[in-house]
Asker: 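Before we start, here is the structure in question, set down as structure tokens.
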Amino acid sequence: MNILPRNTLYIFFMILTGAVFDPAIQEEALAELTARANHDHITIDTFYHGSSVSVRGECDPRTDVVIKITSPEKSSTLKQKGKVGGLLWMNTAELEFENTPALYFVRSAEKIDEILDEQEANKHVLGYKALEHHISIGNIQDESKKDKWFQEFVKFNETKHVYRQDNEKIEYTGIRNKRTYYTLFDWPYEAQPGEYSVEVYAVRDGKVIETAHSSVLVEQAGTVKFLASTARNRSALYGTISIVVALVSGFGTGIVVKSRGGAH
Amino acid sequence: MYLYLPVALTSINAFMPIGLGLAVGLLSGLFGVGGGFLMTPLLIMMGIPATVAAATDSNQIVAASSSGTYAHWKLGNVDFKMGLYLLAGSLLGGGIGVQAIKLLREMGNADFVIKVTYVLMLGIVGGYMFFESLSALRKDKKTKQTDSIEEQAGEEKSGLSLFLGRLPFQTEFVKSGVRHSVLIPLLLGAFVGILAAIMGVGGVFLMVPFMIYLLGMPMHVVVGTSLFLVLFTCVEVTFLQAYTNHTVDFILAVLLLIGSTIGAQAGTFLGRKLKGEQLKILLAVIVLVVTVKIVADLTIAPDLLLAQGGGH
């Protein structure tokens, strides 16, 4: 009894991604993860306005599922606003937020601190509280203000739709002792190209007892990719073309308007 | 219709930048200003990163100002000679300004000094133009004079104009119908160039009041000539931004310029229907509104206490 068969718990999940070319037409890519990771694609093209990512799989009915989507950690420098002379708001310093992901989504049906021990949450960086514990803020003058600036950091990223911790719906459908879960994330257009990691945690009695992994790849394609790479790699040509197009359209409009004006 | 911007890395409703371009282009055609001081903050409000907003705006201004310069050139409103002297001065001033800002930053609290100077400058220039044009308009109604700007300026500043008249290298600026030492536009250009570099704004809208009051140029020639200046400055800025910072977003620039080229034509057309004094009073109102907006931004506690910084 005390040996939990490893195959009691299977977590399969499939990432469903779609590149939205038009609100009406949504392209979806299906993938199943067991041992192999699937490269699920979100392609950013001219009419891209965000997408959606669904996570599904099977889990033990006695567990709760926590899903986390993150981008690789980096350090980000942000300008800090403060009052100068007791009157005027302006940038007063720069704060360096270290070990922070550019995108951080955590979803669980129940509140994280109700289903997971603090230590376990910290270990797996699940939830804002654990994230605060995980990151460090460089150049901070007053260490006691760390909490305040972390809250500001979350607010800043939530405004850009790249940070989210919620208890939105995770649908469970039970078949005997196996259960499937399904949830859908809105994928923000603000999320930059790159590889995002999807972690699913099965939680019981305050502990993480199993994890499964997959990933979402966001890539630029077509015109967007061409323009972005030209801007970066052939910047002199890109700058010249931008100027020439502006000049031609400016003088062009002038000449067209003038000649039309003359015809009347 | 949403479009994805490859350099700004965000998606935007295409009609928003087109509409914004139209409005700012209209102002550009009317007053000969680049409009960067209005456009850049509005683009940031639409979710465009600040660095991309400023760089792309200068690309868009190339289109608006070439459209406007062409229209004004056809009307004989561009004083190329004056423009080139001012341009030479402002290029020199820009170089000095960049050094000055380094010095200011080393002294600390530079941002505070800059912002306060900026607000005062805008407030004084806007307020002066507003009341001056208002009294001129009233006088105009009584006497039915059409072109009293120079006379008034002459009466009020006879001491200054006497001094200016004694400077060496006097030359005739035919289009503007004025005679000045070449040193004046050179120094004026340099002064505005310094301010522009320090404040991070295009600077031409600061030059316009000086062209009217100090150089005594007729309003319509001021507009045409300053558009010519805007064109040159923004070609340079666009190239440097694209080359060194990779911050020009082509798609966004195209959307903006669709609006602004049409707007600039409409502005030039509308400008012909208005008298110099009416144009000045409108510009004064806009400058004052921007001043109030900046003061509000500085004094009201912001929603977010963090903003995007440079680098990673």
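Chain letters run A, B, ... following the sequence lines, proteins first and then strands; every chain starts at 1.
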Asker: Looking only at heavy atoms, which two atoms of B:D297 and A:W89 are closest? And how far apart?
Answerer: O-CB, 4.3 Å
Asker: At their closest point, which heavy atom of A:R232 faces which heavy atom of B:H246, and how far apart are they?
Answerer: O-CE1, 3.5 Å
Asker: Which distance, rounded to the nearest 0.5 Å, do you find between the OG1 of A:T46 and the CE of B:M1?
Answerer: 10.0 Å
Asker: Atom CG of B:L305 and atom CD of A:Q151: how far apart are they, to the nearest 0.5 Å?
Answerer: 12.0 Å
Asker: Which bit of B:L257 is near chain A, if near means a heavy-atom gap under 4.5 Å: side chain, backbone, both or neither?
Answerer: side chain
Asker: Of all the heavy-atom pairs spanning B:L306 and A:F156, show the shortest one and how long it is.
Answerer: O-CD1, 3.5 Å
Asker: Any idea which of A:Q192, A:E190, A:K225 has the most non-hydrogen atom pairs under 4.5 angstrom with chain B?
Answerer: A:Q192
Asker: Closest heavy-atom contact between A:A228 and B:P6?
Answerer: CB-O, 3.8 Å
Asker: My understanding is that only residues two or more places apart in sequence, or in another chain, count here; which of them pass side-chain hydrogen bond (donor to acceptor under 3.5 Å, both in side chains) with B:E236?
Answerer: none
Asker: With rounding to the nearest 0.5 Å, note down the distance linking NZ in A:K79 to CG in B:L304.
Answerer: 14.0 Å
Asker: Could you tell me the separation between the OG1 atom of B:T10 and the OH atom of A:Y189, rounded to the nearest 0.5 Å?
Answerer: 4.5 Å
Asker: If I take atom CD1 from residue A:I44 and atom OH from residue B:Y4, how far apart are they, to the nearest 0.5 angstrom?
Answerer: 4.0 Å
Asker: Under 4.5 Å heavy-atom distance to chain B, tell me which part of A:K83 shows up: side chain, backbone, both or neither.
Answerer: neither
Asker: Below 4.5 Å, heavy atoms only, C-beta onward: do A:T230 and B:F250 meet side chain to side chain?
Answerer: no
Asker: Chain B: which of A:G239, A:P188, A:A236 shares the most heavy-atom pairs with it under 4.5 Å?
Answerer: A:A236
Asker: Classify the angle between the aromatic ring planes of A:H49 and B:Y2 as parallel (below 30°), tilted (30 to 60°) or perpendicular (above 60°).
Answerer: parallel
Asker: Which atom pair, heavy atoms only, marks the closest approach of A:Y238 to B:V248?
Answerer: OH-O, 2.6 Å
Asker: Measuring heavy-atom distances to chain B, does A:F226 have an atom under 4.5 Å in its side chain, in its backbone, in both, or in neither?
Answerer: neither
Asker: Restricting to non-hydrogen atoms, name the atom on B:S67 and the atom on A:T253 that form the minimum distance, rounded to 0.1 Å.
Answerer: OG-CB, 4.4 Å
Asker: Chain A heavy atoms under 4.5 Å from B:V235: which part of the residue, side chain, backbone, both or neither?
Answerer: both
Asker: State the CG-CG distance between A:L227 and B:L5, to the nearest 0.5 angstrom.
Answerer: 10.5 Å
Asker: How about NZ on A:K146, more than 12 heavy atoms from neighbouring residues, nucleotides or ligands closer than 6.0 Å, or not?
Answerer: yes
Asker: Counting only heavy atoms closer than 4.5 Å, note whether B:A8 contacts chain A via side chain, backbone, both or neither.
Answerer: neither
Asker: Under a 4.5 Å heavy-atom cut-off, does chain B meet the side chain of A:Q220, its backbone, both or neither?
Answerer: side chain
Asker: By a 4.5 Å heavy-atom criterion (distance strictly below it), what part of A:T159 contacts chain B: side chain, backbone, both, or neither?
Answerer: side chain
Asker: Side chain, backbone, both or neither: which part of A:L237 has an atom under 4.5 Å from a heavy atom of chain B?
Answerer: neither
Asker: More than 12 foreign heavy atoms under 6.0 Å from NE2 of A:H134: is that the case here?
Answerer: yes
Asker: If contact means a heavy atom pair closer than 4.5 Å, which residues of residues 243-252 of chain A contact chain B?
Answerer: A:I243, A:V245, A:A246, A:L247, A:S249, A:G250, A:F251
Asker: Counting only heavy atoms closer than 4.5 Å, note whether A:K160 contacts chain B via side chain, backbone, both or neither.
Answerer: side chain
Asker: Should we say atom CG of A:D147 is surrounded by more than 12 heavy atoms from elsewhere, each under 6.0 Å from it?
Answerer: yes
Asker: With chain A as the partner, which of B:A242, B:S65, B:S66 has the greatest number of non-hydrogen pairs under 4.5 Å?
Answerer: B:S66
